[in-house]
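Hydrogens, waters and symmetry mates are skipped; everything else that's a heavy atom, side chains included, is used. It should be emphasised that the depicted structure is a prediction, and the values quoted were computed from it without experimental measurement. We count residues from 1, following the sequence as given.
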Amino acid sequence: MNKKIRVGILGATGMVGQRFIQLLDGHPQFEVTALAASERSESRSFQEACAWKLTNPMPDWVKTMPLQACQTPLDCDVVFSSLPSSMAGEVEAAFAQAGYPVISNSSNHRMSVDVPLLVPEINAEHLKLIDVQRERRNQKGYIVTNPNCTTVALVLALAPIQEAFGIEAVIVSTMQALSGAGYPGVASLDIIDNVIPYIDGEEPKVESEPRKILGLFADGAVTPADFRVSAQCHRVNVSDGHTEAVTIKLKKKATIADLIEVMENFQGEPQKLNLYSAPNRPVIVMKEHNRPQPRLDRDLEKGMATVVGRVREDNIFDFRFTVLGHNTVRGAAGAAILNAELLVAKGYI
Ligand code: NAP
């Protein structure tokens, strides 16, 4: 029997860290062997240090594992990072320099020219940036990132449309879940009976990341896609699942049926390679007039799909629709694990 790949989690006690533990519980390829968090948690057991917020119980194997500092060396072959951006940049670079593959959720390195911003269904080709990165930085380790939680749900819906018809412009207004702000996150008195029309740093990420993800890799670099994105981001009183109201202008003519067909038929490398965490349907299009809804639909395909609904014509642009994505699964830990599975399949781990 093949030995499992040993995994370390940086930021293991956080909202995303907990999802990593849940999704890696019983994973056929990966085994968690190291956990790290802040000084506050260091030397405590996971059970003592972590305010577990998931509805599934904390797995037994993790309860007594000790928390370590976010420093090399850690007893693992690969590092998943879900650290706050205030320190993720330096810590992740240090792990990569020390030879570890670093699979990151944080925003720090996403837009670096030699770092893949990976959505395996869309741009598996961008993994070639790893060779560029290793050579430029003269190191064996590397950093691969997954997009912002709002971006990933959006680009999975946009990718098949871009491929078939070309996109000219996108306007998106988001309604983002509380778990996206980490724990303890937004104070209850700020969000009960309320909507907050500001999420620090979010709009520029949603406006820039899709262009890199849908960009073309050639001659060692990614040329960003040429469409424009305008985003307005709101925090709403939902536990998990970001909802997005999207309006798009296309380069070529299409019908509503065309749009639904390309989204429903969308498949990529994870589906071809039958990766363990790959959703069978990366994009699900719901036909009911009042769906998708976060509480009802965020767990479709175990939280790994983008759920689209209300595809219809628009009075100003060409089409509009609603997008829903699970922000801590496909928007964070699940995305990073799928990235790692692709890295294994392609021989990078
Ligand atoms: P979180 O709940 O606040 O968790 C932060 C984690 O980082 C905790 O494990 C915390 O450990 C650790 N940490 C904090 N300060 C540290 C320090 N100085 N040194 C070492 N470790 C430290 O945040 P989160 O929501 O999981 O988000 C983590 C990262 O993922 C962020 O960069 C975020 O932007 C990104 N992300 C989040 C989501 C989402 O939906 N939540 C989606 C995509 C990306 P202690 O418990 O010891 O404090």
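For Leu54, the CG atom counts as densely surrounded, since its 6.0 Å shell holds more than 12 non-hydrogen atoms of other residues, nucleotides or ligands. The neighbour count for Glu90 CD, taken as heavy atoms of other residues, nucleotides or ligands under 6.0 Å away, does not exceed 12. Counting heavy-atom neighbours within 6.0 Å of Lys63 NZ, excluding the residue itself, gives a total above 12. The number of heavy-atom neighbours closer than 6.0 Å to CD of Glu163, taken from other residues, nucleotides and ligands shown, is 12 or below. Annotation: Glu135, atom CD; neighbour count of heavy atoms from other residues, nucleotides and ligands within 6.0 Å does not exceed 12. Residue Lys253 qualifies as open at atom NZ: its count of foreign heavy atoms under 6.0 Å is 12 or below. By the 6.0 Å contact criterion, CG on Asn138 is open, its count of non-hydrogen atoms from other residues, nucleotides or ligands being 12 or less. Heavy-atom contacts from other residues, nucleotides or ligands closer than 6.0 Å to CZ of Arg228 number 12 or fewer.
The side-chain heavy atoms of Val32 and Phe80, taken from C-beta on, include no pair separated by under 4.5 Å. Contact check for Phe46 versus Ile21: side-chain heavy atoms found under the 4.5 Å cut-off. Side-chain atoms of Phe20 and Val7, non-hydrogen and from C-beta on, never get closer than 4.5 Å to each other. Looking at Val113 and Arg136, their side chains come closer than 4.5 Å, going by heavy atoms from C-beta outward. By the 4.5 Å heavy-atom criterion applied to side chains, Val62 and Met65 are counted as neighbours.
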query: Does the side chain to side chain contact (heavy atoms under 4.5 Å, CB included) test come out yes or no for Ser107 and Lys205, once each step is laid out?
result: CA-CA 8 Å; Ser107 56; Lys205 291 176 196 163; 3.8 Å; yes

message: With side chain to side chain contact (heavy atoms under 4.5 Å, CB included) as the criterion, how do Cys233 and His242 come out once you've worked through the C-alpha distance, each side chain's angles and the decisive distance to 0.1 Å?
response: CA-CA 10 Å; Cys233 297; His242 291 351; over 6 Å; no

query: What do the steps show when you test Leu118 against Leu342 for side chain to side chain contact (heavy atoms under 4.5 Å, CB included), and what is the final call?
result: CA-CA 10 Å; Leu118 189 65; Leu342 183 68; 4.1 Å; yes

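Defined by atom type and a distance below 3.5 Å, a donor-acceptor pair is present between the side-chain atoms of Asn148 and Glu202. A donor-acceptor pair shorter than 3.5 Å can be found between the side chains of Asp240 and Ser179. Of the N and O atoms on the side chains of Gln176 and Thr150, at least one donor lies less than 3.5 Å from an acceptor on the other residue.
No chain of hydrophobic side-chain contacts below 4.5 Å, direct or via other Ile, Leu, Val, Met, Phe, Trp or Tyr residues, connects Leu156 to Leu324. Residue Phe319 is grouped with residue Ile161 when hydrophobic side chains (ILVMFWY) are merged at heavy-atom distances under 4.5 angstrom, including chains of intermediate members. In the hydrophobic cluster analysis, where Ile, Leu, Val, Met, Phe, Trp and Tyr join through side-chain heavy atoms closer than 4.5 angstrom, Val155 is grouped apart from Val222. Leu129 and Met111 are assigned to two separate hydrophobic clusters, defined by single-linkage of ILVMFWY side chains at heavy-atom distances under 4.5 Å. Hydrophobic cluster membership is shared by Leu343 and Leu275, with clusters built from Ile, Leu, Val, Met, Phe, Trp and Tyr side chains linked at under 4.5 angstrom.
Judged purely by atom type and a 3.5 angstrom limit, His234 has no side-chain atom pairing as donor or acceptor with the backbone of Ile196. No donor-acceptor distance shorter than 3.5 angstrom exists from the side chain of Thr13 to the backbone of Cys50, with no hydrogens or angles considered. At distances below 3.5 Å, not a single donor-acceptor pair connects side-chain atoms of Gln232 with backbone N or O atoms of Ser173. Between the side chain of Arg134 and the backbone N or O of Lys140 there is at least one donor-acceptor pair closer than 3.5 Å. Between the Tyr142 side chain and the Tyr348 main chain, a donor and an acceptor come within less than 3.5 Å of each other. Judged by distance alone, with hydrogens and angles left aside, the side-chain atoms of Arg235 form a donor-acceptor pair with the main-chain N or O of Ala177 at under 3.5 Å. Although no hydrogens or angles enter the test, the distance criterion places a donor-acceptor pair under 3.5 Å between the side chain of Ser82 and the main chain of Leu10. Within the 3.5 Å criterion, the main-chain N or O of Ala34 finds no donor-acceptor partner in the side chain of Gln68. Here the side chain of Ser106 pairs a donor or acceptor atom with the backbone of Leu83 at under 3.5 angstrom. A distance-only check finds a donor-acceptor pair linking the side chain of Arg320 to the backbone of Glu313 [under 3.5 Å].
For the pair Glu92 and Arg110, the salt-bridge criterion is not met [side-chain N within less than 4.0 Å of a carboxylate O]. Classification of Asp258 and Lys252 as a salt-bridged pair fails, no side-chain N sitting under 4.0 Å from a carboxylate O. The existence of a salt bridge linking Asp131 and Lys128 is excluded, since no basic side-chain nitrogen approaches an acidic carboxylate oxygen closer than 4.0 Å. In summary, Asp77 and Lys3 do not engage in a salt bridge, as defined by a charged side-chain N under 4.0 Å from a carboxylate O. Between Glu269 and Lys272 there is a salt bridge, since at least one side-chain N of the basic residue sits less than 4.0 Å from a carboxylate O of the acidic one.
The minimum heavy-atom distance linking Pro282 with Gln271 is given by the pair CG-NE2, 3.5 Å.
Relative orientation of the Tyr100 and Phe95 rings is perpendicular, given thresholds of 30° and 60° on the angle between their planes.
A side chain to side chain contact (heavy atoms under 4.5 Å, CB included) with Ser277 is found for exactly one of Lys302, Arg330, His27, namely His27.
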